[in-house]
Amino acid sequence: MPEIMIAKTVDKKKFADLAKAIVSRGYRLYGPVRNGGEVTLGEVGEEPEFDFDYRNFKMSPKEFFLPQSEVLCRFCRGELAEDAAPAPQKRVLLGLRPCDARAIWLLDKVFLEEPEDFYYKQKRENTVVISVACANPATTCFCTSVGGGPAAAEGSDILLFDLGEAFLLEAVSERGEEFLNQFSKMTKDATKKQVAQKKKIAEEAASRMEKLPLDGVAERLAKAFDSDLWEAPSQKCLGCGICTYFCPTCYCFDVTDETLRENGRRVRTWDSCMYSPFTLHASGHNPRPSQKERVRQRFMHKFSYAVDNSGQLFCVGCGRCIVNCPVNIDLREVIAP
Amino acid sequence: MSENVKMSDDLKAVAKKLFEEKKIDLLIGYEKGTLPLRTTPCFVTSAGDCDRLVWDGFCSNNLAVYLPRLFSREGRPKDWRPPRVAVVAKGCDGRSLVGLVKEKQAPRDNLIIVGVPCRGVVDLKKVQAALDGKEPAGGEIAEDGTLTVHVDGGKDIRLGRDEVIFDSCKGCPHPDAPVCDIRVGQELAEKQAEADFGDIADFEAKSSQERWDAFVAEISKCIRCYACRQACPNCYCTTCFAEQTQPRWIGVGKDLTEVMIYHLGRIFHQAGRCVDCGACVRACPMDIDLRLFTRKILKDVKELFGYEAGVSLEEPPPLCTFKMEDDQSFITEP
Amino acid sequence: MKGNHGNPYLPYPVEIQKVTVENADRDIKTFKLAFLNKEHEEAFQYLPGQFAELSIFGKGESPIGIASSPTEEGYLLFTVKRMGVVTSDLHNSEEGRIIGVRGPLGKSYPLDQIEGKNVLIVGGGFAFTTLRSAIRYLLAPENRGRINNLTCIYGARSPGELIYKEELKEWEERDDIEMYVTVDKGDESWTGREGFVPTVLKEVAPSSESAICLVCGPPIMLKFTFPVLSDLGFPPENIVVSLEMRMKCGIGKCGRCNIGNLYVCKDGPVFTLEQLQALPAEY
């Protein structure tokens, strides 16, 4: 559990000034942007207003580190073109929920492991993550059942709490501390009372969440490969891939070459284990020939194999897969004991 | 609400009887979902299991989508016999089933269509918009289609039928499955005469630039998840053209060109086949108005060939037939 | 694996120096590749059993086992069967063409565990490629003395389908390796052995004492070979196989080549039978 290094406060009325100061220091600032009924993470405008009264972003912020479509390299006449990778723009992501930040911490365990993923690393090193603690979890949230929490710090650089009149900003990483120190003139030290207040908010939010019976789920699923528990969900599953696209920790990707006359590029794009060509060999053999094997793979990967490989469940309890599945396949039902 | 309960009970009775008379191996219907206001597809294999079935205005999924994979011979042993399947079908689903039978994706003799009367299905995105950030805890649909939503930590909200049903349900010309083996409940007394393409005609009247801008605005939301294709009963190709590698027709990213060609390709492949069930729009997580394009195709097919998909088992699909009266203007006046 | 420009996704440029057709059907060719850049050659330190992604810009990449041994200096050999988009394009290549190579990837055969052991190599058909690498490596003067007996049983469907025909003949002549070459069915000019690989293995019956077996072949051959090895007394931890899987990144990131919690590209493609038996049957 990352230690809290420094805690500062900013009056809500002054927060927009802080945002402008962040931009003037050369950071690209992304914050909550309202679009009809949806809230997404987008570039904040010139006169930013910050309203953190939403459950969560529609899409997970993984696309900031692993874009849906990303150019790996360009080539010309069959040879690698000496294209300098674009200098990554330093940026601040403001408004993530701790579940989504935890997801980034989990993705680090895959992409920053040897050999390091060049593209992910560039983005990760140039991003400051300011998460906003949850006061109002949804009924489909279950972060506390998978190792997270409404005020958990994994993956974040700074945690923001809404104290009513002011925001409390806690640095929970070196990067976060360094960042906050740049704006020390615009912030005050948090008082003991304020720190106690934010603790209360976090505890209340956590207590409101239903705890799922997920203790020992990795061990249980490790024995469930041949179980018939996969029949019911896979019968309904359309193989549409929405769960994987919306999941903040799903990271499987495809690599494709695209050409236009003599130029071309090698791109990586989001892929999904729910699609049938995912494991299709050139010979025509497919180790996962039906939806049953594919549905099983998704759950086994997140709740069993990931634990073997990284020690952590690759689910952060955001509930997006549950809410967005067109046929209402509910993860909570599938992996219940 | 009592009518919904009666309908569900009637449906359960029909289903039980089919199993008891050993007429089917499997019945695909709906059961209560894990989220408020939702149902989920339900695969029942015995009379004892039929009590799970429900029928109400939350039953949105088009269940015909499951048939091609159930009846596909691919990878099956030589002595495999196709199952006998009953499908609970609204009007649109019933028309999808007719289409699948005509395209030989489901054998008519192995299929029992259980028609249920549909007054329109609740669009949860509209309910969400009306709730303005609050969560639903549950809800009921009255006989006249009014939806009462119980709000988590708040007062009930009432929404009229026209406020809350899917756009594809408004003005639906076929609330009952036109080909049906067993009908649960009454055929709905009032039916729409014809599908109304007025809004499409309005769109067609716009300038080329306006139409292009509207198309771009919708299509740029696409994240290439292929949910539209997977939810559509007509999209059963083993390898979709969008994913072919030999040759590779389109790229895989979010580039506007590729996305457009994917959608245009898919929509044109629906010509003469799409029944406007709305499954694609319901599945789409990015709220793309796919029906703007599919209905244009429907309108054209109606005008050019006088054909409506899924109402007749005998009428051959227009793109597989040629009549001397067919419009030749695309050759003579391109 | 550092990769070109320190990026594990970028291939090193290599030139196709020679193309050899290996079989009568003409759909298996061996490509001799040379690095354009000395630094890249030095960075590409590999051992038998590893593979690399052959990259053709505009088409894609294909994971192919390295057929050459690191004891063969100055070039890499890859034996490729024409299957899909990339391999077809590769097969249409002329000598002098520049393509890319990304690697070395995967785990090698456990050649660090063979000191003083007998080594049995069993191969079938086109899967013999990385076994060639192992044989050349073990026959090299600096390595041969480290092991005891070296036995190889290799078979193909027909004489025309045998690969590395010239080398097979050379090895048959040598006395530091016992070669048994067989075909399922001979032709008029075939004077050698006839018989399926598992059958020949049974006849030859090499000793399993203090022995390790490297086996590579089509699934049907493996199915009948494992029981024979078991009867001969080889425990599963001493039988080593190499698996194939659809791959893209080759470095354990894209998530598609896993069997259970192991990635074939990173934790494999070489596995002991003991490891394989603990994995779900999803390959």
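Quantities reported herein were computed from a predicted structural model and do not represent experimental measurements. Convention: sequence-line order gives letters A, B, ...; per-chain numbering from 1. The figures here come from the full heavy-atom set of this structure, side chains too, leaving out hydrogens, waters and symmetry mates.
A salt bridge is defined here as a Lys NZ or Arg NE, NH1 or NH2 lying under 4.0 Å from an Asp or Glu carboxylate O, and A:E116 with C:K253 fails to meet this definition.
Looking at A:F278, the atoms closer than 4.5 Å to chain C (heavy atoms on both sides) sit in the backbone and in the side chain alike. At a 4.5 Å heavy-atom cutoff, C:D267 makes no contact with chain A through either its backbone or its side chain. Proximity to chain C (any heavy atom under 4.5 Å) is restricted, for A:P277, to the backbone atoms N, CA, C and O. For C:M245, the parts sitting under 4.5 Å from any heavy atom of chain A are the backbone and the side chain alike. Interface remark: A:E293 contributes backbone and side-chain atoms alike to the contact with chain C (heavy atom separation under 4.5 Å). Neither the backbone nor the side chain of C:I259 has a heavy atom closer than 4.5 Å to any heavy atom of chain A.
For the atom pair CD of A:E79 and CG of C:L36, the computed distance is 7.5 Å after rounding to the nearest 0.5 Å. Taking CD of A:Q122 as the start and CG of C:N7 as the end, the distance is 9.0 Å to the nearest 0.5 Å. Separating the CG atom in A:L80 from the CZ atom in C:F57 is a distance of 4.5 Å, to the nearest 0.5 Å. Taking CZ of A:F75 as the start and CG of C:L10 as the end, the distance is 12.0 Å to the nearest 0.5 Å. The distance from atom CZ of C:R246 to atom CZ of A:R288, rounded to the nearest 0.5 Å, is 12.0 Å.
The neighbour count for C:E244 CD, taken as heavy atoms of other residues, nucleotides or ligands under 6.0 Å away, does not exceed 12. Within a 6.0 Å sphere centred on NZ of A:K90, heavy atoms belonging to other residues, nucleotides or ligands number more than 12. For A:D215, the CG atom is loosely surrounded, since the number of other residues' heavy atoms within 6.0 Å does not exceed 12. The local environment of CZ in C:F196 is sparse, with at most 12 non-hydrogen atoms from other residues, nucleotides or ligands closer than 6.0 Å. Counting non-hydrogen atoms of other residues, nucleotides and ligands closer than 6.0 Å to CZ of A:R220 gives a total above 12. More than 12 heavy-atom neighbours from other residues, nucleotides or ligands sit within 6.0 angstrom of CD on A:E262.
Of residues 241-256 of chain A, those residues lying under 4.5 Å from chain C by any heavy-atom pair are A:Y251, A:C252, A:F253, A:D254, A:V255.
Ranked by heavy-atom pairs shorter than 4.5 Å toward chain C, the options A:A222, A:A306, A:G264, A:P287 are led by A:P287. For the options A:V307, A:L72, A:D226, A:D308, heavy-atom pairs under 4.5 Å to chain C are most numerous at A:D308. Of the listed residues (A:H285, A:E258, A:Q297), the greatest number of heavy-atom pairs within a distance under 4.5 Å of chain C belongs to A:Q297. With chain C as the partner, the residue from A:H301, A:R266, A:M300 showing the most heavy-atom pairs under 4.5 Å is A:R266. Ranked by heavy-atom pairs shorter than 4.5 Å toward chain A, the options C:P8, C:G84, C:G60 are led by C:G60. Ranked by heavy-atom pairs under 4.5 Å with chain C, the list A:L280, A:N286, A:N263 is led by A:L280. Of the residues considered (C:C249, C:S62, C:G58), C:G58 shows the highest number of contacts with chain A, using heavy-atom pairs under 4.5 Å.
No donor-acceptor pair closer than 3.5 Å links the side chain of C:N261 to the backbone N or O of A:N309.
Between A:Y119 and C:Y9, the ring-plane angle classifies as tilted under the 30° and 60° cut-offs.
Contact annotation: the side chain of A:C73 never approaches that of C:H5 to less than 4.5 Å [non-hydrogen atoms, C-beta and beyond]. Residues A:H281 and C:M83 form no side-chain contact, since every pair of their non-hydrogen atoms from C-beta on lies 4.5 Å or further apart. Within the 4.5 Å cutoff, the side chain of C:P280 has heavy atoms near those of the A:Y305 side chain.
Counting only residues at least two apart or on different chains, the salt bridge (charged side-chain N to carboxylate O under 4.0 Å, His left out) pairs with a member in residues 267-286 of chain A are A:E70-A:R268, A:D117-A:R268, A:D271-C:R256.
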Walk me through it: do C:K266 and A:E114 pass the test salt bridge (Lys or Arg N to Asp or Glu O under 4.0 Å)?
-> CA-CA 11 Å; C:K266 201 175 71 156; A:E114 281 300 316; over 6 Å; no
